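Everything below concerns the one structure shown next.
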Amino acid sequence: MEVIIKETYEEVSKFAAELIADVIRRKPRAILGLATGSTPLGTYKELIRLHKEEGLDFSRTVTFNLDEYVGLTHDHPQSYHYFMWENLFKHVNINSKNVHIPDGTAKDIPGFCRWYEEQIVKAGGLDIQLLGIGSNGHIAFNEPGSSLGSRTRVKTLDEKTRQDNARFFRNMNEVPKYAITMGIGTIMDARQLILLANGAGKADAIQKTVEGPITAMVPATIVQLHPKATICIDKAAGAKLTKEYPAEPRVLVLS
Ligand code: F6R
C-alpha cells in the first residue's frame, strides 16, 4: 500500500484522474469501479477535462458504481444514478449500456445483488476501484462491523453516515436508512485500488486506515492487505499520521 500526501485537494484529484486515465489509455475496454460523494468530484472534473481537451476516450469503458440508496429512483437528485450522470457520464462519450449502478428500486434486492456481482465477473473484473472514505472509516457503505469478506448486499446506514450525508437532503428524515453496496470482498477483488481523502474531518479515519490494526470496526483498514493500493490524501486529511509519507509515488531505479 502506497500513501501519497499532496498539498491540496486539486492535486489529489489530478493524481487520481491521471491514474484512471492511464488505465483507460492502456486498456480502452477498462472496467472502472466508481464512487460518489464530495471527494471524487475533482477527479471527475479532471477526467472530463482530459476527455474534452486531450481526447480521453470512454467509448469502450465499462463502469460499476459502489453503491446506491435503497428507495431513491434514478431521477431523484440525491440518488447516485443522478449524481454520476450529472457529474461525469453526461460530459464524456460513455455508452450508457456500459454503465452499472446498483438499483435502489429493485423489487428483489438479494437477487439484484447476486446479478450485480455476476456482471462484474462477466465483464472481467474491476481493473481499478476508486474509493472515498467515511469519517467512521467506511468504504462504499460497508459500515463499521461489516464482514471483511462481504459481497454486494443491502446494509443499514450508520447513524454517523446518515448525519454526514444529511447535508445533501432537506432534513434527517429524508436521509435513506438503507443502501445497496458492493462488499469489502468485492472491492478487494479489484486489480488496483485508489482511495482518496481530503479535509480535517477525515484525519482520524485516515490515521487508523494507514497506521492502525486491520479491523472490521474500521473497514478501510483492509486496504492494507491489497497488493496494489494507493491512498492519496491532502495535508489536512494526513495531519494525524505519525510517519513520513512522500508527495509522489516511489519509483524504484535499478542500476
Ligand atoms: C460513495 C461511497 C462512500 C463515500 C464516503 C465519503 O459512493 O462509497 O463511501 O466515499 O461516504 O463521502 P464524501 O466523499 O462525501 O466525504
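First listed ligand is number 1; within each ligand, the first listed atom is number 1. Keep in mind that what you see is a predicted model, and the values were worked out from it rather than measured. One-based numbering along the sequence shown.
By the 4.0 Å heavy-atom criterion, R167 is counted among the residues contacting ligand 1.
Less than 6.0 angstrom separates the ring centroid of Y69 from the ring centroid of F169.
Ligand 1 has no nitrogen or oxygen under 3.5 angstrom from a nitrogen or oxygen of Y80. The distance criterion of under 3.5 Å between nitrogen or oxygen atoms is met by A140 with respect to ligand 1. Residue H138 has at least one nitrogen or oxygen atom sitting less than 3.5 Å from a nitrogen or oxygen atom of ligand 1, judged on distance alone.
Taking all heavy atoms of N65, L131, L66, D67 into account, the minimum distance to atom 7 (O) of ligand 1 is reached by D67. Evaluated by nearest non-hydrogen atom to atom 6 (C) of ligand 1, the leading choice among L34, I133, T39 is I133.
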Apply the test side chain to side chain donor-acceptor pair (under 3.5 Å) to residues Q192 and D127: give CA-CA distance (whole Å), side-chain angles for both, the deciding distance (0.1 Å), then the verdict. CA-CA 6 Å; Q192 185 172 1; D127 288 305; over 6 Å; no

Contacts under 3.5 angstrom, residues 58-66 side chains, donor-acceptor by atom type, not counting sequence neighbours:
from	atom 1	to	atom 2	distance (Å)
S59	OG	D57	OD1	2.8
S59	OG	D57	OD2	3.1
N65	ND2	L34	O	3.4

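Of the charged side-chain nitrogens involved, at least one lies within less than 4.0 Å of a carboxylate oxygen, so that E174 and R170 count as a salt-bridged pair. A salt bridge between R49 and E46 is present, with a side-chain N of the basic residue lying under 4.0 Å from a carboxylate O of the acidic one.
Which parts of ligand 1 touch G37 is read off a 4.0 Å heavy-atom cut-off, strictly below it: atoms 14 (O), 15 (O). For ligand 1, the atoms closer than 4.0 angstrom to any heavy atom of K202 are 6 (C), 13 (P), 16 (O).
With contacts defined as side-chain heavy-atom distances shorter than 4.5 Å, the pair K228/R191 does not qualify. Taking 4.5 Å as the limit, every side-chain heavy atom of T152 sits out of range of all side-chain heavy atoms of T181.
At the top of the distance list for atom 10 (O) of ligand 1, counting protein heavy atoms only, stands G132 CA, 3.3 Å. Protein heavy atom in closest approach to atom 15 (O) of ligand 1: S38 N, 2.9 Å. At the shortest separation from atom 1 (C) of ligand 1 among protein heavy atoms lies T36 OG1, 3.2 Å.
Atom CD1 of I214 and atom CD1 of I222 lie 5.5 Å apart (nearest 0.5 Å).
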